[in-house]
Each structure stands twice: as structure tokens, then as C-alpha cells.
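Only heavy atoms go into these numbers, but all of them, side chains included; no hydrogens, no water, no symmetry mates. Proteins come first, then strands; the chains are lettered A, B, ... in the order of their sequence lines, and each starts at number 1.
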There are 4 protein chains.
Amino acid sequence: MTEKDWEKWVRMIADEYDLDLGKTNKETLKQKKILEAAIHIFAEKGFSGSSTSEIAERAGVAEATIFKHYRTKKGLLLRLVIPAIAKVASPWITRSALKILEQDKPFRERVEDVILDRVLLIETNWKKIKIILVESLFHPELREAIQTHVAKSVFPVMSEKIKQLQAEGELRRDLPDYVLLRSVISMAIGYLLARNVFPEQLAQSEEKDEISMIAEVLLKGVGGSHGD
Amino acid sequence: MTEKDWEKWVRMIADEYDLDLGKTNKETLKQKKILEAAIHIFAEKGFSGSSTSEIAERAGVAEATIFKHYRTKKGLLLRLVIPAIAKVASPWITRSALKILEQDKPFRERVEDVILDRVLLIETNWKKIKIILVESLFHPELREAIQTHVAKSVFPVMSEKIKQLQAEGELRRDLPDYVLLRSVISMAIGYLLARNVFPEQLAQSEEKDEISMIAEVLLKGVGGSHGD
Amino acid sequence: MTEKDWEKWVRMIADEYDLDLGKTNKETLKQKKILEAAIHIFAEKGFSGSSTSEIAERAGVAEATIFKHYRTKKGLLLRLVIPAIAKVASPWITRSALKILEQDKPFRERVEDVILDRVLLIETNWKKIKIILVESLFHPELREAIQTHVAKSVFPVMSEKIKQLQAEGELRRDLPDYVLLRSVISMAIGYLLARNVFPEQLAQSEEKDEISMIAEVLLKGVGGSHGD
Amino acid sequence: MTEKDWEKWVRMIADEYDLDLGKTNKETLKQKKILEAAIHIFAEKGFSGSSTSEIAERAGVAEATIFKHYRTKKGLLLRLVIPAIAKVASPWITRSALKILEQDKPFRERVEDVILDRVLLIETNWKKIKIILVESLFHPELREAIQTHVAKSVFPVMSEKIKQLQAEGELRRDLPDYVLLRSVISMAIGYLLARNVFPEQLAQSEEKDEISMIAEVLLKGVGGSHGD
DNA sequence: GATGAATGAGAGTTCATTCAT
DNA sequence: TATGAATGAACTCTCATTCAT
């Protein structure tokens, strides 16, 4: 991929991957503003640390309007978060990763593409995903939604793909599928979290190179010549 | 390591690794109860979601007592969290990982031991670490404390060790130290989070085996024969 | 009166005595539903304890519809209550009591008939009368409406009748008319309230017998032979 | 009883009959002020129509103070009302009526004394009793408290006394005890309510005379000579 | 050192009501 | 006529915190 192609592709995916809300909806302008404000503030201060009055102010609506539409503060949270979970785990989103893996390229490049793809997906929706990650620790409903959607819709699809790749000799056969899948996800999220906690440390290196290294570690491991 | 040795060792480390507070303990019984209650409730509901009255009730003290000792709610959080960060990042704790790496064993076994060691460290202090991870997203002071301690006290030590292992041929030399370190940590935390979100899925497999597989992936990667 | 006559008569009066609204009915179906819902909810929770949203929900209309028709919540209350007061106190309703007293029967039977007649009138409209009684304690307008209608339209008529009965020797002449009237009303309402607060205690006895006893006490008093 | 004795007695009873709260209690000054304010405002506007902020203001305390002591608004209501119910129905209060009936006087005078005694009891605690009467229509707990206390502690005692008076020939034997008891209570409460709804009408007559007439009606009935 | 009482500020939520459609 | 959207004001209640004891 040339430098230019790369950038075009990145932009395209970023657009396409907005886990948005407003596709099928009759939501008013005010409702959209409320949701946008809520995402921003929940992400910044956490659910409990945010106040509905602040959200209302940022959205430019009366506080009562929030409650007319979402009944409770928690209702607003769920309205934000459950559709996002559903979308991340939707076949449509999952399939886009599969498609990349089915392209006619060296496996190594396909792995890089998939990682980048997921990293972009997460970055595009970083606020929402931050909310999901944090609040799922405190709200069992969210945990359940994640389990239901991810475990029952993402995992089976990916598991099958992994087994196929194992059969093709692209992935090792001596480790169970869930370990392989977990390894990819761990490395991707670990990378993103590191960037968040130590922002200046990673600012200098190119994202493309970082992803390339992640793929390298994933495929070949960290072991040196001595271990052979 | 025999089965028996393993268990003994696990118990020993678990004891030793309690990031506890009460070492320099001038702390009264009531203070200990307050800290214990706060850890429990902060971990369960998050800092903002917890109320001092609930903490007081669980600790069996009057609400005012909390403020006598810690001045503010946030003071209580910091009193819990800063020493824990300091301790995790303390030379003493870091060095214990180094010691394991310096033992006279095959590298592969040493890696397994280190991972298990860190996993146990995290498990032993899971509530506190959960608080640290979550609240560091919302309180810059905490982020700074982590950066200061980890980046300036853990990273240099580990970095040096990694370079030494690269020189010895145990680790690859074509990747920067921080990538290697991040890879280990990502895999460990990814494993623990997965256990948290999908508890029943991992309940069946032995922790020892899981860690063995993590080490395997780390050292050799997930790539199959085809990639060679 | 035979058992059969009695039952027929009771049914007839109950129909006839519905203090209803919908006589001059230009009222739409929705308006009727609103009024019905309001009566139910005001009686159940009191005026202040009821919310327009609950009334709207029960009536199956939008909240705004209530305000289109009755301008304010209090307007709705008054629309319910003032016509009911007017009707209870209307010459038509008052006269029906007089008519009973003018029938050609022993006085004792006529008294029983009148008490039963009023008890039925109250029972038929129990919800509305509950609202009137309770809310008149808190809304001076209602108190005034009652005073105006009852004192100026019921009392004079009844007073005259009482004086006539005193002249005829059916009622004692040594007590003022208002004491006699109050006594009848007190006994009737006392009976109904007792039935409300201690429902199971009075469930067993026949209403006809209870009224007969009330008439007996009213006419002859509770004093025993010793007092003569 | 001379005019002077009468007044002295009235004053004495009024003091003695305060259904008060603060006998056994460590209630703070502020708590007493809250209770007093609540009684006033609940009586004036009804429970639902009163706001805690208004109560706080009248009591001269912060709103939060109310909730520290009574947890909820309803808790405050119950704290006011349940002890009052218990006290009205206490053996001590009931027995004072019995004592009057056992005095060595003509029965007629004893009846007048008892009625006056109860009327004073109710007047002294009119606000609380108004609250009890009104709110018991909307809060089942209150209804239950009344049933429990009155039905199980007042009624049996009075019932026995009534039977004794029937045996002595002071009260008629051909009517059940509950009818006789209800008659007395109906007449007393009817008198008080009438005074409330038509205040100016009764302002002119002396209370002593009114009660004398109530006793007369109760004992001899309203029937005239013709009915004999 | 510990607490019960008290509170100002603000939380989430409900209220009756208005208005454009 | 009827309503969905919107809201300012008020609501009950909780918050972290202070202070006299």
C-alpha cells in the first residue's frame, strides 16, 4: 500500500465505522444533542461523576427534556451503550475483519490490516468504548450485554476463521482458538491503553510501525535465537 | 516444579504480595476498618458512585470519623491508592521479578514464573488495582503518580534487564525494549480481564496451563508452519 | 315493603342518583374518559397526590389534552366537584327526600326510607363525595360552594319540613331544627365511615337492619328503662 | 358543676390530653420544631400538598435535617401520626372515659361529661386528628394502625362497659353494643365537623348547651309525642 | 479519637403547563 | 380536537463536609 492509499483508506474506515446511533431513528435534533453531550461527559467524568444538569447544559436543553426522553440517567447510559455494543458485535462489523483476512495478500499483511482495522474502529469510537469498558465494571446489565453479543456473535465467527487458518497452516495448531483470539485482542487493547496512559512516550513513533511490530510479535513471538 | 512445590509457592507469594497499608501502622483499628470498607466499596461502585455514608456504615464508624482521618473523600482515595502504586512500582516488588529471571532455569520456565508471579501480584490486590486502573482515567493526579512511579522506576529497571536478555540471545534484538515489555504486560492483563468478563469460560482450564500457553505465545508467536 | 320491592327500589334509586356530569353532554368521549380517570385517581390519592400525567395515562389521552379542556389541574377538580355539589344540593335531589317524608306511611318507616335513600345517594357517588369531603378541607372555594348550596338551598327546605313535623308531633319540639337535622346526617355519615374503616366488622350484618337500627336510635335514643 | 368548676376542669383536661410526643424522648429542640411545623403544615395543606422545604423553613432548620431524622417525608408523617393513634387508643386515655362513667352522678350528667371529655380530647389535638382522618383515607398503613389500636384496644373496653350499663338499665338492651358506641361517636364527630364546615352558624351557641343537646338526643331520640 | 447533629449545595426526578403542529 | 416536544420550577432526597461535645 502506498502512503497515499493508506491515508485514504484510514479516512474511509473512520467514517464508515462510526458506531452511530442515528441511522434508523426519528430522533429530534435535541435528542441527538443530548446523546452527544452525554457521550462526551460520561467519557470525561464517568457515569457517576457526571450530572444530568451538566449534560443538559452542554446539550443546550432543559434538564427535564433528558428525562422525558430517557426516563432516568441510567436509561440515558443504556441508550448510549447498548446499541454501541450491539453494533461492535454486529455481523456487519465482524465480517469486515473476515473480509480483510480473505484478501489475496501475504498473511502477515492481512494480520497487520486487521489489527489496524480494529484499532481504527476503536479509535473512532474511543469515547463510547471507554464508557463501555469502565461502566461494564459497575453495571452488570452492561456486562451481560457484552457477554451476549460478543460471546455469542463475535466469538463463534472468529473461532471458525481461526480454525480455518490453523488448517491452512497460517496459525499454530497446538493452541486453542480462544487463546489465539485473546492474544490478538490483548495486544491491540494493550497498545491503545499504553498510548493513553503514556501519551508522550508513543507520540513519536508512527502508528503504522507500531502496528507492524505488534503483528511481528504476535506472529513470531519475542523469543531470541537462543530459544530455538 | 512439582505440584506440591507449586502450591506452596503460590501461597507464599500471595501472602507476601499484599500491597498493604498497615506496615507503618500507627493506624488504629477504626482506621483499618475504614480503609478496608473503602477498598471494597470503591472497587464495587467506583469512586464517584460510592458515598462516604456507605463506607462509614460498612466500617462501623461514624461518618465524621472518616473526615477526621482523611479530611476529604478524595483524601481517602489517595491514601488508598498512592501507597499501592508506590508499592507495586517499588524496587522491592520490581526486583522480585528480576530475581526470578536470574534463576538458573531454562528461559522458558523463568518467563512462566515471572508471568505467574505478576498475575498473582495483581490477583492478590485485584480490588486496589481495579480502583487504580479505573480512577486513573478520571483523576490526573493518579495518572501522574503512575507515570512517575512506573515510568521512572519500573521501566528503566526492566528495560535494562530486557537489553541484557537481548544480548544473551533470549529475546529478539530487532524490536525495541518497550514493545517487548508492553507485550508481556498486555498478555497478562488481557488474560485477567478476560477472566473477569467471561468468568465461566475460563473456569474450567487450569491457571498453570493458561500461563504456560501465554508464555508459549509470547515466546514463539501465533504463526503457523506456513509463515516460516 | 317486600323483599322484592326493596331490591327493585334500590336499583332504581342507584341509577337515578348518579350525580353525573354527562347530562348536558356535549362532552366528547375523550373528555368523559378524562373525567372518569380523574375521579378514580383523585379519590384514590387525593388531589395533590395525583398527577396529571397519571390521569392522562389512565384516560388514554395526551397530557396536553387535559389542559386544552380544563386549563389547569384545579380546573379539572372544580369541573368534577362543583356540579356534583350543585346536584346533591339541588332542589330536585332535596325534594326527593321530602317526597319520601310525605308518603302515606307510619313516620318510622318514612324515616327509614329517607335514611336509606340518602345512604344510597352517597354510596352511588362515593368517590366524588370522598373527593368533596377531603378537598373541601383544603380548598376554601369548595367550602364556600358547599356552604352556599347546602346552607342556602338544602337547609331552609329541610328546616321547614322539620318544623312541620314538629308541629305534627312527629319530632320533638324542645330542640332546634339544626340539631335534629345534624343528628340524622351524623348518624348516616357515621355509619358509612365506620363501614369504610372497619369493613369486615360490618360485612356480616344486613344493610336494611343497620338502617332500621339507626332509625330506632334516632327516634328513641339509646337510653334504657332506668332513665325514665 | 358550677360555672367556675367547669372552666377549671376544661383547662385541666386540655392540658392533660395533649397527645404529645415528647414524653419519653430525647428529641432535640430542632426535632421538636420540625414535628410542630409538620403538624401545622400537614393539617393545613394535607400531606401531599405540603413540601418538606416549607416545613423546614417554618421549623427554622435546613431541609436536610428533616431527612437525617425521619429518612423520608412519609417517615415524618408516620412519626407524627402513629404515636398519636397509639395514645388516643391507649388504655390510659380510654380509662379516663370509663372513670367519668363510674362517677356518682345521674347517668345523664355522666353522659354529658363523657361527650365533653371526648370533644375536648379531639379539640386539643384537632390538627393531628385532622391529619389522621384525612391521611388514613390514602395510606393503608395508617388505616391498619387505627384498626389495630382502636378495634383491639378501645372497642373491647368500651363494649364491656356498655354491656354493664345495659345490665344496669341505663342503656337499652335491644340494640347491639357496637351500634350504641357508634352512635355516640357519630354524634360527637358530626358536631365537630359541622362546627368546622359551618363555623359561623355554631359560633353563637354555647358549647355546653350543644353538648347537653347531643346527650339529650342520644338518650331520648328525636321522636315526638306522636310516636309513643 | 470519635461522634451525633446539622447543613448548603446539588443530585436525579416529577410537576403542571405551553406551544407549534 | 388532539398531541409530542419541551420546559421552569419545584420536588424529595443525598452528598460531602463541619462543628460542638
State whether the number of non-hydrogen atoms from other residues, nucleotides or ligands found under 6.0 Å of [X] atom [atom1] is greater than 12.
{"X": "C:Lys130", "atom1": "NZ", "value": "yes"}
{"X": "A:Glu141", "atom1": "CD", "value": "yes"}
{"X": "C:Glu36", "atom1": "CD", "value": "no"}

Comparing B:Ala62 with A:Lys73, nearest DNA chain E nucleotide closer to 5' gives the residue B:Ala62
If you find the nucleotide of DNA chain E closest to C:Arg71 and the one closest to B:Glu63, which residue's nucleotide is nearer the 5' end? B:Glu63
Rounding to a whole Å, what distance do you find between [X]:[atom1] and [N]:[atom2]?
{"X": "B:Ile55", "N": "E:dT3", "atom1": "CD1", "atom2": "P", "value": "15 Å"}
{"X": "B:Glu54", "N": "F:dA16", "atom1": "CD", "atom2": "P", "value": "10 Å"}
{"X": "B:His69", "N": "E:dA2", "atom1": "NE2", "atom2": "P", "value": "4 Å"}
{"X": "C:Glu57", "N": "F:dG4", "atom1": "CD", "atom2": "C1'", "value": "15 Å"}
{"X": "B:Ile41", "N": "F:dT14", "atom1": "CD1", "atom2": "C1'", "value": "15 Å"}
{"X": "A:Ile34", "N": "F:dA6", "atom1": "CD1", "atom2": "C1'", "value": "10 Å"}
{"X": "A:Leu76", "N": "E:dG12", "atom1": "CG", "atom2": "P", "value": "11 Å"}
{"X": "A:Ile66", "N": "E:dT14", "atom1": "CD1", "atom2": "P", "value": "13 Å"}

B:Ser53 and B:Glu63 side chains, donor-acceptor separation under 3.5 Å: no
Of all heavy-atom pairs linking C:Leu80 and C:Ala38, the shortest is CD1-CB, 3.9 Å
Locate the shortest heavy-atom distance separating A:Ile85 from A:Leu142; write the atom from each residue and the value. CD1-O, 4.3 Å
Could you list all N or O pairs between the protein and nucleotides 19-21 of chain E that sit under 3.5 Å apart?
none

Tell me, do [X] and [Y] make a side-chain contact under 4.5 Å, heavy atoms counted?
{"X": "B:Leu77", "Y": "B:Ile131", "result": "yes"}
{"X": "D:Phe42", "Y": "D:Lys128", "result": "no"}
{"X": "D:His139", "Y": "D:Lys74", "result": "yes"}
{"X": "B:Glu54", "Y": "B:Lys45", "result": "yes"}
{"X": "A:Arg79", "Y": "A:Pro83", "result": "yes"}

Expected output check: what is the dot-bracket annotation of DNA chain F, where ( ) and [ ] are pairs inside the strand (brackets for crossing ones), | is paired with another strand, and pairs are Watson-Crick or G-U under 3.5 Å? .||||||||||||||||||||
Looking at [X], does any N or O in its side chain come under 4.0 Å of the phosphate oxygens OP1/OP2 on [N]?
{"X": "A:Lys30", "N": "F:dT7", "result": "yes"}
{"X": "C:Thr28", "N": "F:dT1", "result": "no"}
{"X": "D:Thr65", "N": "E:dT7", "result": "yes"}

D:Ser53 or B:Lys74, whichever maps to the more 5' nucleotide of DNA chain F: D:Ser53
Quick check: on DNA chain F, is the nucleotide nearest B:Thr52 upstream (toward 5') of the one nearest D:Ser51, or the reverse? Name the residue that is more 5'. D:Ser51
Which residues in residues 136-143 of chain B have a heavy atom closer than 4.0 Å to any atom of DNA chain F? none
Could you tell me whether A:Ser48 contacts a base, only the sugar-phosphate backbone, or nothing, with contacts defined as non-hydrogen atoms closer than 4.0 Å? nothing
B:Lys73 to B:Phe47 six-membered ring, cation-pi geometry met (6.0 Å, 45°): yes
